[in-house]
Every structure is written in structure tokens, then in C-alpha cells.
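Remember, it's a predicted structure, so these values are computed and weren't measured experimentally.
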Amino acid sequence: MRGLSIRGLTRTFPGQGSAGPTLALQPTDLDVTPGEFVSILGPSGCGKSTLLRIVAGLDRPTAGSVTLNGRQVTRPGPDRGMVFQSYTLFPWLTVEQNILFGLRERQVPQAQAREIAAAYIARTGLRGFEHHWPRQLSGGMQQRTALARALANSPEILLLDEPFGALDHQTRELMQELLLEVWGADTPAARKTVLFVTHDIDEAVFLASRVLVMSARPGRVKAEVPVPLPYPRDWKVKTAPEFGALKARLMAEIREEVRKAALA
Amino acid sequence: MEPLKPVTATARLLLGTGFFVLFVGLWALATEGGYVQPLFLASPARALAAGWSLLTEYGFLHDIGMTVWRVLGGFLLAAAIAVPLGLMMGAYKGVEAFFEPFISFARYLPASAFIPLLILWAGVGEAQKLAVIFLGSVFQIVIMVTVIAGATRMDLVEAAYTLGAGRGGILRRVIIPAAAPQVMEALRLVLGWAWTYVIVAELIGAQSGIGHMIMDSQRLLDTGQMIFGIVVIGLIGLVTDLLFRQLNRRLFRWAVL
């Protein structure tokens with residue numbers, strides 16, 4: 001069984017104090033084939049990050065299972081690379097050392113590790129910043145490094161949890177293009193599987209080959225919208241009529257959920 | 001003056017030295033002007049002269065050396081035990097649950113109250129002096145390091161897990177380096193406190209040291225020497241603090257200290 005397979009995944013958070021338990025994620029099924037780029041779109045608090053964290057192994061489901069390439073996920077591992085919304089570079093390591101972190105942990109020989117790091121530094125446009133500390137970098141550069149750090153481990157799937165959520169609009173658009181460029185640099189057969197969580201409709205459509213819309217809490221996948229725009233895509237695709245039509249459809253789906261979430 | 005508005009570096013320097021000048025000026029006025037008897041308070045000039053004779057005639061440098069040695073010895077011993085223990089307690093909640101209640105209790109035991117007991121156990125030699133500093137510092141360091149290590153950013157820990165780090169890797173490659181600058185800052189703070197314990201330790205049953213000298217001067221009613229001794233402690237404290245700060249800046253250039 002290749003790819004990611006999610007069956008009956010449920011997550012309930014225990015209640016605190018007098019409040020009862022919260023159902024964050026309703027039983028969810030999902031299949032992602034290797035090389036697919038899937039966006040998970042939903043209002044805040046809908047459980048999309050919970051879903052991603054369970055796939056990463058950082059959170060445990062109340063029921064159900066996650067299987068990646070035939071192996072059940074029980075704990076975090078380097079086969080599932082992740083980029084977080086918050087800046088999670090290790091502040092005491094330089095850009096290059098951050099990228100080497102996972103390679104060192106897996107005891108990749110040093111010469112080979114440095115070669116891999118150099119390749120991803122080049123691919124993510126970080127040349128000249130190898131020896132900078134995270135605090136010397138802009139938010140965009142930090143997230144480039146985080147992306148390179150995740151990719152350097154050659155994970156089977158890339159989990160992106162609103163990685164550009166804290167960036168300003170222009171930087172964000174640049175980063176989306178960079179991500180597509182890095183992802184698309186491999187041949188279609190060798191491309192990484194990507195799960196991309198976002199609440200930004202433009203971002204979801206621009207990046208993904210399939211968009212899943214999640215309902216307001218308790219979260220479930222309420223709609224699935226394929227994005228038939230061919231890769232490679234560049235920013236101009238955002239002005240194409242097909243893009244507009246997809247956006248309109250997703251907007252209608254999501255508005256209803258945002259309203260429900262706001263009233264809840 | 002405007003609330004929270006910064007002042008220039010020159011103004012800061014002038015104001016800072018200004019108060020020193022004012023302080024010494026008032027001191028000089030009170031003593032030289034005859035408002036306070038020399039028996040109770042020596043004048044600044046008398047204190048300086050007393051200090052000069054202490055250094056040149058009475059081997060005060062040896063006393064200073066002894067005191068510095070005791071502070072550093074006791075403090076380093078305490079740090080060598082307390083820092084690893086604190087890191088373990090911060091990282092592993094089970095270890096914390098085991099030690100924390102006792103250490104929270106022990107850190108309120110005043111080190112100076114142990115002096116009679118320590119004299120009984122260890123005599124009046126160096127071991128007893130080191131033990132006072134050690135007892136005064138060790139629990140404080142443990143508690144501070146525990147809090148620092150326990151507050152390691154969870155998102156960094158999670159990032160390390162997704163990069164393939166195991167449990168040992170989290171401790172070695174995330175918790176320890178993340179805590180290091182703050183641990184050093186905590187040590188700097190506790191070293192300052194260790195200076196107050198050493199003097200107390202030297203007031204009782206010591207044959208050398210700054211505290212011993214101050215005690216001797218009391219018998220001779222030499223307030224000049226006493227004040228000089230106190231000022232020397234203040235100066236050494238200030239210098240070690242500055243050195244420590246410099247060291248931390250150099251070691252942790254990645255952090256903004």
C-alpha cells in the first residue's frame with residue numbers, strides 16, 4: 001500500500017474543569033497517493049492542524065489509524081517532514097547547522113550530509129546565508145530554512161502547517177512560488193507527497209492538485225475539489241478564469257463554515 | 001523628564017557617576033564636618049588610608065585571595081551538581097516530582113544557620129567554608145535550572161522529533177543548548193549571592209579572608225578598615241559580574257542577552 005491512508009481518524013480533547021470533552025475531529029477517512037499535493041482548507045479551530053499533527057505523530061488519535069506506505073504511524077519520525085507556522089529553527093544553530101540537524105541525527109556521513117545541505121541551500125535560495133543565525137533572518141528566510149531542513153531528511157511526505165501564515169502578503173506569495181518550484185523540480189514520479197494546511201483559499205488552490213474543505217468544529221472533510229490546473233504553475237495562474245471559478249466555489253463552501261465557527 | 005523615554009549614553013554615565021560623587025560627598029561632609037564620630041564612621045580618606053596599610057602592611061591581598069577561592073570553590077561544586085540535576089528535573093517530570101518538594105523546602109533553609117552545625121561536622125577549616133557556600137547556592141541553582149529547562153519551547157522539541165531525534169537527542173540537542181544561556185545567567189545571579197554567604201562564613205571561626213579581617217577590625221574599632229573591606233567585596237562582586245556577562249555574550253552570540 002503506497003501513499004498515505006487515514007481511516008476513521010477521531011480526536012477528542014478531554015474537558016478542562018467543568019467543561020465537557022471537545023470533539024475536534026469527527027471520524028475522517030482520507031487517501032493521498034504518492035506525489036500528490038493536497039491542501040486542507042478550513043476555518044480556524046476546525047481541526048485541520050490536529051489532523052496534520054496526528055499524521056506527524058505529534059498527537060495521538062482517540063480512534064482510527066494513519067498508515068504511511070504500509071506502516072502505521074505511532075510516533076514522530078524523519079519519514080514525515082514538517083514545517084510549522086511558528087518559527088522553529090533552532091536559534092543556537094546557523095542556517096546550515098539547522099539543515100544538518102536531521103542528517104546528523106540519522107548519522108549520515110558528514111561529507112555526504114554537507115553535500116545534501118548545500119543542495120537544499122541552493123534550491124531554497126539561501127546561498128550566502130549559510131552561516132547566519134536565525135535571529136538575523138527575516139521570517140521568509142527562516143521558513144525557507146525550515147523547508148530546506150525538512151526536505152534534507154528526504155521524507156516520504158511533507159507536512160506543512162500554515163507555514164506561511166505569519167508572513168506578510170507579498171513574502172507569502174513568493175514563498176508559495178518557491179515551494180512549487182522546489183516541489184516541482186523533481187520528475188512527476190519522484191515528487192514528494194505534500195499535505196498543506198491553510199485557511200487561505202488562494203494559497204490552497206494555487207498550490208494543490210486537490211483541495212479538501214473542512215467543516216467548522218467538530219471537523220470533518222465536507223468537500224473535495226480537484227484543481228485541474230497543470231503544473232508548473234506561476235503567479236499568472238491566479239488571474240486565470242478557471243482559478244477564479246475554483247476560488248468562487250471554495251469561497252461558498254468555506255463561508256458557511258466560517259459563519260458557523262463564528263457563532264459557535 | 002518624559003516617562004519611558006531613553007536618555008543618551010553620556011547622560012547615563014554622568015547621572016550614574018553623579019550619584020557616586022554625591023554619596024561620597026555626603027559621607028565626607030558627615031565625617032570630616034564632625035557630625036559623626038570617627039569611632040562610628042571613618043571618613044572616605046581614612047578608609048582609603050586604612051585600605052592602603054591593609055594591602056601593604058597586613059597582607060590583605062592574601063585575605064582577598066582566600067575569599068575569592070572559597071566563593072569560587074563552593075560555587076563551582078554547587079554548580080557541578082546542581083546544573084545536571086536541574087536539567088534532568090526540567091526535562092523529566094518524574095525526576096522533578098521526586099526531588100522538587102524537598103529542594104523547594106531546602107532552599108528556604110538559611111545557609112548561615114548551618115554554620116554552627118557545619119563547624120561541628122567539618123571544623124573551622126576550608127571544608128566548612130566551602131560547605132556554607134555550597135549549601136547556600138546548590139538548591140537555588142537546582143530550582144532555577146529546573147524552571148529554565150522545563151520551559152524549553154515545545155515547538156522546538158516537536159520540530160526535533162519530526163527531524164528524527166530520539167529522547168536522548170531531545171535532551172542533548174534541544175533542551176540543553178536552549179537552556180544554556182539562561183542557565184549561565186542564573187549562575188551569574190547565584191554567584192552574587194555566594195559572595196554574601198562567604199562573608200558570613202568568615203565572620204565565625206576563620207583565620208583569613210575579608211570577613212575575618214572585618215571581624216578583627218571590629219575588635220580594634222577600626223571603621224576605616226571595615227568600610228574598606230566592604231567596598232572591596234562590592235568591587236570584586238561587580239568585576240566578576242561584568243566578566244561573567246562578557247563570557248555569556250561571547251558564548252551565546254546567537255542569543256540576544
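- Heavy-atom distances place both the backbone and the side chain of R104(A) under 4.5 Å from chain B.
- Residue Q136(A) qualifies as enclosed at atom CD: its count of foreign heavy atoms under 6.0 Å is above 12.
- Among R75(A), R106(A), M82(A), the residue with the largest count of heavy-atom pairs under 4.5 Å with chain B is M82(A).
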Check the pair D79(A), R71(A) against side-chain contact (heavy atoms from CB on, under 4.5 Å), reporting the backbone distance first and the verdict last.
-> CA-CA 11 Å; D79(A) 55 332; R71(A) 288 187 318 279; 3.2 Å; yes
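- Aromatic ring pairs are classed by plane angle as parallel below 30°, tilted from 30° to 60° and perpendicular above 60°; the pair W92(A) and F90(A) is tilted.
- At a heavy-atom separation below 4.5 angstrom, chain A is approached by no residue within residues 1-24 of chain B.
- Residues Q85(A) and D161(A) have side chains that never bring a donor and an acceptor to within less than 3.5 angstrom of each other.
- A tilted orientation is assigned to the rings of F164(A) and F196(A), their planes being inclined by 30° to 60°.
- Using a 4.5 Å cut-off between heavy atoms, R253(B) touches chain A through backbone and side chain atoms alike.
- At least one test fails for R135(A) against the ring of Y87(A): distance under 6.0 Å to the centre or angle within 45° of the axis.
- V55(A) and V73(A) make their closest contact through O-CG1, 3.5 Å (heavy atoms, listed as atom of the first residue, atom of the second, distance).
- By a heavy-atom distance cut of under 4.5 Å, D155(B), L156(B), E158(B), A159(B), A160(B), Y161(B), T162(B), L163(B), G164(B), A165(B), G166(B), G169(B), R173(B), V174(B), P177(B), A178(B) are the residues of residues 154-178 of chain B near chain A, going up by number.
- Side-chain polar atoms of R217(A) and T50(A) form no donor-acceptor pair below 3.5 angstrom.
- Both the backbone and the side chain of F101(A) come within contact range of chain B, each with at least one heavy atom under 4.5 Å from a heavy atom of that chain.
- Between F102(B) and F139(B), the ring planes are perpendicular. Angles over 60° get that label, and only those under 30° would be called parallel.
- Here the shortest heavy-atom pairing between L87(B) and V145(B) reads N-CG1, 3.6 Å.
- Pairing each heavy atom of P134(A) with each of L93(A), the nearest pair is CD-O, 3.1 Å.
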